[in-house]
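Heads up, the thing below is written out as structure tokens.
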Amino acid sequence: MQLWQDGLLAMLAAIGLASLMWAAVRTVLFSGPERRPRAVVIVPAAGDGADLEGQVRKLALLRQEQGAFGRVLLLDCGLNDTGRRAAALLAEGDRWVAVCRQEEIFQYLR
């Protein structure tokens, strides 16, 4: 019975060590804003912005895991007051998220 427990403990230790090593390698390879691509994701936002939070969270995960793009741009395509507040809160919570009107979009794409 002791041999089985020792084997299980060794396996868990090896998995933990491999996870720590992968986290260190991933941090080195995918870290820093200087490595972010200049690609921009444009999310058209209208109405009360009910789905904006879910979309921004999914895009944030994709940005962290894959590093496929830099900024998420929430484009105001008819947001009401509730939607504007929601978009502003999302932009305040994440430095890679910005809100703009249709007239301002070219300032973010330069």
Side-chain angles (χ1 to χ4, degrees):
M1 188 68 160
Q2 183 68 24
L3 182 63
W4 182 79
Q5 290 173 344
D6 288 344
L8 182 63
L9 185 63
M11 181 187 71
L12 290 175
I15 291 172
L17 184 61
S19 297
L20 288 174
M21 292 295 291
W22 174 245
V25 167
R26 192 170 158 208
T27 301
V28 169
L29 292 179
F30 299 116
S31 68
E34 64 277 354
R35 294 184 187 263
R36 294 274 184 224
R38 295 187 47 92
V40 175
V41 174
I42 300 173
V43 178
D48 63 352
D51 298 331
L52 281 181
E53 184 176 4
Q55 290 176 347
V56 169
R57 285 184 187 214
K58 288 177 185 175
L59 288 169
L61 286 174
L62 183 62
R63 180 179 60 241
Q64 289 172 355
E65 291 176 0
Q66 302 294 324
F69 54 89
R71 181 174 292 276
V72 174
L73 188 59
L74 301 176
L75 183 62
D76 186 349
C77 295
L79 286 170
N80 58 22
D81 290 336
T82 306
R84 280 190 209 97
R85 276 194 301 264
L89 287 173
L90 289 170
E92 287 176 11
D94 189 351
R95 68 183 179 135
W96 295 102
V97 177
V99 182
C100 77
R101 294 187 314 247
Q102 294 178 3
E103 302 85 36
E104 301 171 341
I105 192 168
F106 293 109
Q107 294 173 359
Y108 289 93
L109 298 179
R110 288 184 194 172

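Note that the CZ atom of Arg63 and the NZ atom of Lys58 stand 15.5 Å from one another [nearest 0.5 Å].
Here the side chains of Val41 and Leu73 are not in contact, with every heavy-atom distance at 4.5 Å or above.
For the residue pair Phe69 and Leu59, the shortest heavy atom distance occurs at CZ-O, 3.2 Å. The minimum heavy-atom distance between Gln64 and Arg26, with the atom names listed, is O-NH2, 3.8 Å.
Applying the salt bridge (Lys or Arg N to Asp or Glu O under 4.0 Å) test to pairs two or more places apart or on separate chains, those with a residue in residues 41-56 are Glu53-Arg57.
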Going through the distances and angles, do Cys77 and Gln102 end up as a side-chain contact (heavy atoms from CB on, under 4.5 Å)? CA-CA 7 Å; Cys77 295; Gln102 294 178 3; 3.4 Å; yes

Step-by-step side-chain contact (heavy atoms from CB on, under 4.5 Å) determination, Val97 to Leu74: CA-CA 7 Å; Val97 177; Leu74 301 176; 3.9 Å; yes

CA sep, side-chain torsions, deciding dist, call: Asp76, Cys100, side-chain contact (heavy atoms from CB on, under 4.5 Å): CA-CA 6 Å; Asp76 186 349; Cys100 77; over 6 Å; no

Before giving the answer on side-chain contact (heavy atoms from CB on, under 4.5 Å), spell out for Gln55 and Val72 the whole-Å C-alpha distance, their side-chain angles and the decisive distance to 0.1 Å. CA-CA 10 Å; Gln55 290 176 347; Val72 174; over 6 Å; no

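No continuous path of ILVMFWY side-chain contacts below 4.5 Å connects Leu89 to Leu75, so the two sit in separate hydrophobic clusters.
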Donor-acceptor contacts, no H, no angles, side chain residues 80-88, under 3.5 Å, sequence neighbours left out:
residue	atom	partner	partner atom	Å
Asn80	OD1	Thr82	N	3.2
Asn80	OD1	Gly83	N	2.9
Asp81	OD1	Arg84	NH1	3.0
Arg84	NH2	Leu79	O	2.9

Could you pull out all donor-acceptor pairs under 3.5 Å where a side-chain atom in residues 2-19 meets a protein atom, sequence neighbours excluded?
residue	atom	partner	partner atom	Å
Gln2	NE2	Asp6	OD1	3.3
Ser19	OG	Ile15	O	3.0

